Every structure is written in structure tokens, then in C-alpha cells.
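Written below as C-alpha cells is the structure these notes are about.
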Number of protein chains: 2
Amino acid sequence: MRLTTKGRYAVTAMLDIALHRNRGPISVMDIAERQGISAAYLEQLLAKLKKGGLLVSVRGPGGGYQLDRALAEITVSSIITAVGDGVDATRCHGTGDCQDGDRCLTHELWSDLSGEIDGFLSGISLADLVGRKEVQHVASRQDQRLIHARHL
Amino acid sequence: MRLTTKGRYAVTAMLDIALHRNRGPISVMDIAERQGISAAYLEQLLAKLKKGGLLVSVRGPGGGYQLDRALAEITVSSIITAVGDGVDATRCHGTGDCQDGDRCLTHELWSDLSGEIDGFLSGISLADLVGRKEVQHVASRQDQRLIHARHL
DNA sequence: GCTATACCCGACCAAATCGGTCTACTTTCC
DNA sequence: GGAAAGTAGACCGATTTGGTCGGGTATAGC
């Protein structure tokens, strides 16, 4: 099971774009500042998300990234997968040849777990997250802080 | 979320010991051969499991490791935790200060996910695993192979 | 057509982690 | 006493992570 900052950053960035979707394209810099993520690093992740068909980019001044699908059609699972942080918990990546061509003692356990996790994350879309009170609260705080910081 | 070979090996080893519990103490070498795990590495994991109160060891010839609790009282979750592969998916380890003392946008999501995974793994004990047909099948295959190998 | 903005892309890097080895014990049974 | 077995910890090579840097290229607006 690999769920590292890569996956977390990706979901965070997607959610940030979702929350500000009515402002037109969102620049990497904006997301990076609001979410406290290195801009150069974030670029790599957004590139993968674009390659995965979750985002489109607009070049030039005023450009940035936009969602390529409806909020409800983008699941957390798909974001994590797109960026390479697999949800798979087995050692053999599901093939079943964990021990010299045969299944290992615990193959089914990890396989079941993978299903469980994927089921959970597939059931949560950006639309769900955007609708959460707690998320909206954090988002408005971040917006305020960014405006404040840019006034200096 | 950290679920690496460490956690997988630990669960595999514990299950191996559980399956052969009627044979007295199980040596590291036996487990290593049956499960295809490096004995030297396995030692480290078993030491942690012992420190965590899941195993007891018997030194000297004929010694090895034994479970320190009833099968039903040892959950997969507790095994993974004992070797250090935390089930926690948040960046802040549950404290909630993911971004300059406040919660990040996705704190709740990862927190929920952690709960989900932990709930799943806490619900599975060694007794459950030992009772599974597939597990028994793989175990008997491993036993046969070991006997065969030692005849050479 | 310049220029500032912003995405694009690939090389590179330091630190951490992982899976594992090796050595040198100590304890216990025969 | 010697062999079997656990104990402890230093060490190691490979990979991954998280991130930087530097140079592109496209494009909007003047």
C-alpha cells in the first residue's frame, strides 16, 4: 500500500481547483501558496493529473489548470491512481504469484484490504468534499490568509 | 499510510506460527524457509512482535517463538502496529496541525480513511485467518514443500 | 512583435526508507 | 563443553521521496 504525500498533495490540489473553479484557470502558484506545497513539485503532480485526463491546462498569462470533468465524476481514488500512488496492498500487484508462482499465505487478506480501501476512496468524489462544511471552513481561512499575505 | 513488506511479513510470520502452534515453539529458520523470507530480517520483526507482547520466545535448542495470546485476541491491526507499519493515513498523525498549526484541506478525509482501514484490520484476527480454507490449503502446500526440500 | 505570464519537461539531488547482511554475543539443552 | 537457538546492533546497497533547477514553449495583451 502506497499512500504518500504525492497522493495527498494531488487530492489537495484537485480540491483547491474545485473550490475555486468559478474563478477561471487556477495557476500553480496560487495553489502552492494556499496549500503550502512547493510549486515546482506541484507542477509535476499536476502534469500527471493532466495526463490522466483529470485536468486541462491553459497556457499564457491568466492561464492555469481547470477540471476536465464534473465534480461528481472525479473520485479520490482516481486522483491517487493518476499520480501513481497505487491503492494496491498486495506484494504481487494482484497477480497472485507472491511466492514462487503460487499465492502466499496472506494473499487474500491484502487483496481484500485493497478492495476495501478502493471501495472507500471510489465512493468519495470532489463534489462530496466540496460540500463538506469543514472543508469550506478551511478553504475560506486559506483564502483570507492568501489575500492578507499578498497585501504585504 | 505505510503498509510495506514489514507489515506483510509480520502478519505472515504470525500466521505461520499460529498454524503450527501445536508443534511447540517455532524457530525463525522454519518460518523463514516456509514463507520465503530472509531469516536475518525476520528476526528483527519477531523481536518487535515480542516487545509488543504478541509473542514469547524460548531460547536454546528446540526453542523458537510462540503466541502469547489466544488466536482470537490477536488482530491483524495489532500485528502491523507492533512492527511500526502504522495504519495512519494523515500527515500530521492525527494531531490536526497539518498546515501551520491548523488543519489542512484534506485532514478529515485521511482521518476517515485511517479509521476505515483500522476498522477493517481490527476486525480480522488470527483465528479468522487460520479458519480460512484458502489459508489452510496454502499452508499444507508449504509444509509439503519444506519436508521435500529437507529430504535432499 | 515584445514581453510578461504561465505551463512544459527533463535532469539532478539530498535525505529517508527498505530489505537485507554480517558479526558478535548470550542463553539453554544435551 | 558444544551445538542450537535467540539477542543486539552496526552496516549496506538500492530505491523512493520530496524537491530544485534550468531551460524550454505557448499565448495574451500592449
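Keep in mind the model is a prediction, meaning the values are calculated, not measured. Letters A, B, ... mirror the listed sequences (proteins, then strands); counts begin at 1.
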Give A/A40 one of three labels, base, sugar-phosphate or nothing, depending on what nucleic acid heavy atoms sit under 4.0 Å from its own. base

Whole Å only: how far is the CD atom of A/Q44 from the P atom of C/dC12? 15 Å

Nearest-nucleotide check on DNA chain C, A/K51 vs A/G60; residue mapping nearer the 5' end is A/G60

So, is A/T4 near the phosphate of D/dT16, with a side-chain N or O under 4.0 Å from OP1 or OP2? no

Here the distance between atom C1' of C/dC9 and atom CG of A/L45, to the nearest Å, is 14 Å

Below the 4.0 Å mark, does C/dC8 have OP1 or OP2 next to a side-chain nitrogen or oxygen of A/K50? yes

Output yes when A/R21 and A/D16 qualify as a salt bridge under the 4.0 Å nitrogen-oxygen rule, no when they do not. no

Would you kindly compare B/V28 and A/S38 by the position of their nearest DNA chain D nucleotide and give the one closer to the 5′ end? B/V28

Starting at atom CD1 of B/I26, determine the distance to atom P of D/dA4, rounded to an integer number of angstrom. 18 Å

A/Y65 side-chain N/O to C/dC8 phosphate OP1/OP2 under 4.0 Å: yes

If I take atom CD in residue B/E43 and atom P in nucleotide D/dG9, what distance separates them, rounded to the nearest angstrom? 13 Å

Can a salt bridge be assigned to the pair B/R91 and B/D97 using a cut-off of 4.0 Å between side-chain N and carboxylate O? no

When A/I37 and A/P61 are each assigned the nearest nucleotide of DNA chain D, the 5'-most assignment goes to A/I37

Using whole Å, report how far CG of A/D85 lies from P of D/dT16. 12 Å

B/I17 has an atom CD1; how far is it from atom C1' of D/dG6, in whole Å? 13 Å

Within the pair A/S57 and C/dC8, is there a side-chain N or O less than 4.0 Å away from OP1 or OP2? yes

Figure out the OH/C1' separation between A/Y41 and C/dG10, and round it to whole Å. 16 Å

Residues A/R132, B/D112: salt bridge by 4.0 Å N-O rule: yes

For B/R59 and C/dC30, give me the distance from atom CZ to atom P, rounded to whole Å. 16 Å

D/dG18 phosphate, OP1 or OP2: any side-chain N/O from A/T5 under 4.0 angstrom? yes

B/D85 to B/I80 - nearest heavy-atom pair and separation: O-CG2, 2.7 Å

Using a strict 4.0 Å threshold on nitrogen-to-oxygen distance, state whether B/R23 and B/D143 make a salt bridge. yes

